[in-house]
Student: 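Here's a structure for you.
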2 protein chains.
Amino acid sequence: MVFVSSPLPDPPRRGRPARAAQSERTPLSRERIVDAAMAIVDAGGLDALSMRSVAQALGTGPASLYAHIADKDELLALLIERVAGELELPEPDPERWQEQLKAMVRATHYGLLAHRDLARAGLANIPLGEGALRFSDRMIEIMRSGGLPGQVVAYGCDLLPLYAVATAYEQALYAERMTTEEGERYIAEIGEYFAALPADRFPNIVALAGPLVAGGGEGERFEFGLDVLVAGLAAYGRGGW
Amino acid sequence: MVFVSSPLPDPPRRGRPARAAQSERTPLSRERIVDAAMAIVDAGGLDALSMRSVAQALGTGPASLYAHIADKDELLALLIERVAGELELPEPDPERWQEQLKAMVRATHYGLLAHRDLARAGLANIPLGEGALRFSDRMIEIMRSGGLPGQVVAYGCDLLPLYAVATAYEQALYAERMTTEEGERYIAEIGEYFAALPADRFPNIVALAGPLVAGGGEGERFEFGLDVLVAGLAAYGRGGW
DNA sequence: ACCTGAACACCGTTCAAGT
DNA sequence: ACCTGAACACCGTTCAAGT
């Protein structure tokens, strides 16, 4: 009876919409949830991410997600963890430890910015997953190779990622709110606003109006802070200032 | 006809609840809205702040607020601006410019923390109100008095408040989620977790487990970063490194 | 164990209508 | 000009019920 065992497509069912591909039929998992969530963030920013939008992308209802993740906060932590796990780690070279340290901070900063305003969720948790730990371990190793004392290394391990995330946070907010062009116009307008302020009450802002909004764009501003931090840490390693 | 002009209390009206005091009868204004919003944040944290909770505190409905403020983002900006306006500014003394700079960063950090987790709203806007401008003007003046070049002053004016806010942001999140005691226990647990990690895969974290979670509490951690930043800026002033 | 529909208790914002 | 009630289009999370 060949007919019996031959595979047949599911008969159409009334009131049930056809589902796209089989992906929506495979069982839910943390990984699939994080995949869908990241795709939503990449497409529409963090505001587009909701338990409901993730559920919809997976062809189910929001309640189903709670069998796999505790709450939305955990989902955000998993997204951050995923970014951390994808960052490239330099092979330690003691000769170049400061430059390598900077490379790790840049990787974090731009790695976050690659996912719209995901950085907004980056200050909320100490990431303790596998990827974040590998990142931290490497960062410690590189600072150690520069001869920094233990407590400086420990604090530096907090301070540098804090800087990477906070700057990405700020930049991402503006990137979400306006185009690059609009952003440049906005910065220019602030410059004019500063210059037009009453000089008797805000003499220092008026005098510095140009440089306050200038510097070669966000990149240079970011690099300046990075220089200050890494050089500051290095100075501690040489025995204070 | 004396009776006619004699003042009478309003007759009781059916279906209209008595209102507490007269405050709810005075007309709405930005200031009253910000007052009410700040009181809500101080009492219940940023999560307790909604257009609805503010309206309720003012004895009206949420729609009424929109005659005075554009949206919730503007309300948050006004709250940050209020904090900025209340920060104490040091009288510039060129002999002590680095210490004064630190005092301004500390004032910002702890000024934010005085309002629960309001710092969570502090990275979203460049505050351009009167109070924020006075603060910035003074900060520029003090950095200038230390002989720092213009572009360093300009960048520093961004970098230092960013540090003050980002650290307050992080700390406030934990303060909202747990008591000081629970926080200490959590930190201790992370320390144990670090120490118990497989030493072959995370040798540097394991080796540094103690210092990573130690250092005399948040205050010392904050001061460390502040030292690094101010000393780093000062080094730029002396002609780079 | 995993998934679901429905509900609960909220949001920010808009808008026509009132004064 | 200022304020309001009601509605719109959402939220995160819970829970009893299903398989």
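To find a chain, count down the sequence lines: A is the first, B the second, and so on, and within it residues start at 1. None of these values were measured; they are calculated from a predicted model.
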Student: It should be established whether B/H68 places a side-chain nitrogen or oxygen under 4.0 Å from OP1 or OP2 of nucleotide D/dC3.
Tutor: yes
Student: In whole Å, what is the span from the CD1 atom of B/I69 to the C1' atom of C/dG12?
Tutor: 11 Å
Student: Ignoring the backbone of A/Y66, work out which of C/dT13, D/dT14, D/dC3 is nearest its side chain.
Tutor: D/dT14
Student: Can a salt bridge be assigned to the pair A/R116 and A/D47 using a cut-off of 4.0 Å between side-chain N and carboxylate O?
Tutor: no
Student: Which nucleotide wins on minimum distance to the side chain of A/T60, given the candidates C/dT4, C/dT13, C/dA7?
Tutor: C/dT4
Student: Starting at CD1 of B/I40 and ending at P of C/dC11, how long is that distance when rounded to a whole Å?
Tutor: 10 Å
Student: With the side chain of B/R52 defined as its heavy atoms from C-beta on, choose the nearest nucleotide among C/dC2, C/dA7, C/dC11.
Tutor: C/dC11
Student: Return the value, rounded to whole Å, for the distance between atom CG of A/L28 and atom P of C/dC2.
Tutor: 10 Å
Student: Send over the distance from A/L65 CG to D/dT13 P, rounded to a whole Å.
Tutor: 10 Å
Student: Output the single nucleotide from C/dT4, D/dT13, C/dC3 whose closest atom is nearest the side chain of A/A63.
Tutor: C/dT4
Student: Under a 3.5 Å cut-off for both contacts, is C/dC11 paired Watson-Crick or G-U wobble with anything, and if yes, with which nucleotide?
Tutor: none
Student: Just compare D/dT13, C/dT13, C/dC3 and give me whichever is closest to any side-chain atom of A/K72.
Tutor: D/dT13
Student: Could you check whether B/D117 pairs with B/R177 (Lys NZ or Arg NE/NH1/NH2 to Asp/Glu carboxylate O, under 4.0 Å)?
Tutor: no
Student: Where the side chain of B/S50 is defined as all heavy atoms beyond and including C-beta, which of D/dT14, C/dT13, C/dG12 is the nearest nucleotide?
Tutor: C/dG12
Student: Could you identify the nucleotide paired to C/dC3, looking across every strand shown and requiring Watson-Crick or G-U wobble geometry with both distances under 3.5 Å?
Tutor: none
Student: Is the distance between the ring centroids of B/F202 and B/F194 under 6.0 Å?
Tutor: no
Student: Can you tell me, in whole Å, how much space there is between the P of D/dA9 and that of C/dC10?
Tutor: 22 Å
Student: At less than 4.0 Å, is any side-chain N or O atom of A/S64 found next to OP1 or OP2 of C/dT4? Yes or no.
Tutor: yes
Student: Is the B/F224 ring parallel, tilted or perpendicular to the A/Y155 ring (thresholds 30°, 60°)?
Tutor: tilted
Student: Report the relative orientation of the aromatic rings in B/Y186 and B/Y174; use parallel for angles under 30°, tilted for 30 to 60°, perpendicular for over 60°.
Tutor: parallel
Student: To the nearest angstrom, how far is B/I33 atom CD1 from D/dC2 atom C1'?
Tutor: 11 Å
Student: What integer distance in Å separates B/L49:CG from C/dC11:P?
Tutor: 10 Å
Student: Just the rounded figure in Å: distance from P of D/dC11 to CG of B/D47.
Tutor: 17 Å
Student: Measure the distance from CD on A/Q56 to C1' on C/dT4 and round it to the nearest whole Å.
Tutor: 16 Å
